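This report refers to the structure that appears directly beneath it.
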Amino acid sequence: MTTLSPLIAGNWKMNGLTHSLDELAELARLMTAGAAPRAVVVVCPPATLLAAVAAQGASSGILAGGQDCHTDASGAHTGDIAAGMLADAGAQFVIVGHSERRAGHSETDDEVRAKAEAAIGAGLKPIICVGETEAERDAGTAESVIAAQLAASIPDAAEQHELVVAYEPVWAIGTGRTPSVEDIAAMHASIRAGLVERFGSERGESIRILYGGSMKPHNAREILSIENVNGGLVGGASLLAKDFYTIISAV
Ligand code: PEP
């Protein structure tokens with residue numbers, strides 16, 4: 001099996017003002033003070049801070065990512081942001097299909113796939129999010145729900161272009177609850193099997209699968225050591241440099 005360098009991405013969501021760059025500076029200080037982190041580190045701030053995060057993070061190896069992009073390259077879409085604009089601001093990644101956008105903006109798998117295609121077209125690496133609701137988990141359909149979301153959300157272009165999958169159970173996001181180690185292992189194994197089936201073993205094994213949903217300093221080491229967990233997508237705990245660095249160091 002290919003050894004994938006783990007990736008830890010922080011999703012600041014709709015949090016952060018100019019003074020939040022102090023937190024980024026502190027993260028950079030922590031990351032450069034000791035041994036170099038074993039993880040690829042990405043921070044996805046609100047769009048207003050993207051260029052500043054990209055510029056400020058460059059010297060310490062912190063990469064920048066967007067939180068969403070439009071499917072079109074430009075046009076009459078007031079308030080939206082194109083993938084090319086994120087790249088122009090210095091982003092290398094973009095989150096697409098986060099459950100908060102699927103729920104709050106009624107985004108469908110088809111739209112998520114189109115966004116991922118737009119991101120790839122702009123030279124970005126999409127982080128494609130999928131996740132089951134609590135009702136779906138209770139009904140025993142979590143694995144089939146995720147398989148269906150992945151089949152429809154991942155573009156065929158994944159065969160030649162880098163992208164990342166993030167498994168984020170909806171009921172674990174921002175709640176402090178996480179699935180058991182066994183449940184995470186089973187879901188990530190099932191996602192891996194689906195990727196291998198669709199893209200062949202070499203390509204399917206080379207796609208990172210992140211876990212997201214209440215990853216915190218106290219549980220990161222355990223979660224990150226599960227087979228087929230190739231990193232984490234971190235919300236709340238990415239807002240404080242100290243906490244985010246503890247998670248990065250848990251790799
Ligand atoms: C997220 O929003 O992607 C997330 C995982 O949030 P939290 O870590 O706060 O649960």
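These numbers were taken from a predicted model, which means no experiment stands behind them. Both ligands and their constituent atoms are indexed starting at 1 by order of listing.
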Residues Lys242 and Glu26 bridged, charged N to O under 4.0 Å: no
Do Arg192 and Glu227 sit within salt-bridge range, that is, some charged N less than 4.0 Å from a carboxylate O? no
Hydrogens and angles aside, do Arg203 and Ser206 bring a side-chain donor and acceptor to less than 3.5 Å of each other? yes
Looking only at protein heavy atoms, identify the closest one to atom 1 (C) of ligand 1 and say how far it is in Å. His98 NE2, 3.2 Å
Contact with ligand 1 for Ser214, non-hydrogen, under 4.0 angstrom: yes
Distance under 4.0 Å to a non-hydrogen atom of Ala172: what atoms of ligand 1 satisfy this? 10 (O)
Before accepting this row, confirm whether a basic side-chain N of the pair Glu111/Arg101 lies closer than 4.0 Å to the acidic partner's carboxylate O. no
Atom 8 (O) of ligand 1 has as its nearest protein heavy atom Gly235 N, 2.8 Å
Atom 3 (O) of ligand 1 has as its nearest protein heavy atom Glu168 OE2, 2.6 Å
Within the 4.0 Å heavy-atom shell around Gly174, which atoms of ligand 1 are there? 7 (P), 9 (O), 10 (O)
Let me have the donor-acceptor pairs involving side chains of residues 31-45, under 3.5 Å, with sequence neighbours excluded, atom names and distances please.
residue, atom, partner, partner atom, Å
Thr32, OG1, Ala28, O, 2.7
Thr32, OG1, Arg29, O, 3.4

Numbering as shown, the atoms of ligand 1 that approach Gly213 to under 4.0 Å (heavy-atom distance): 5 (C), 10 (O)
Under 3.5 Å, is there a donor-acceptor pair linking the side chains of Glu136 and Thr133? yes
Could you tell me whether some N/O pair between Lys13 and ligand 1 is separated by less than 3.5 angstrom? yes
Parallel, tilted or perpendicular: which one describes the rings of Tyr211 and His188, with boundaries at 30° and 60°? tilted
Pull out every atom of ligand 1 sitting under 4.0 Å from any heavy atom of Gly236, numbered as shown with elements. 7 (P), 8 (O), 9 (O)
At under 4.0 Å between heavy atoms, which part of Ile173 makes contact with ligand 1: side chain, backbone, both or neither? both
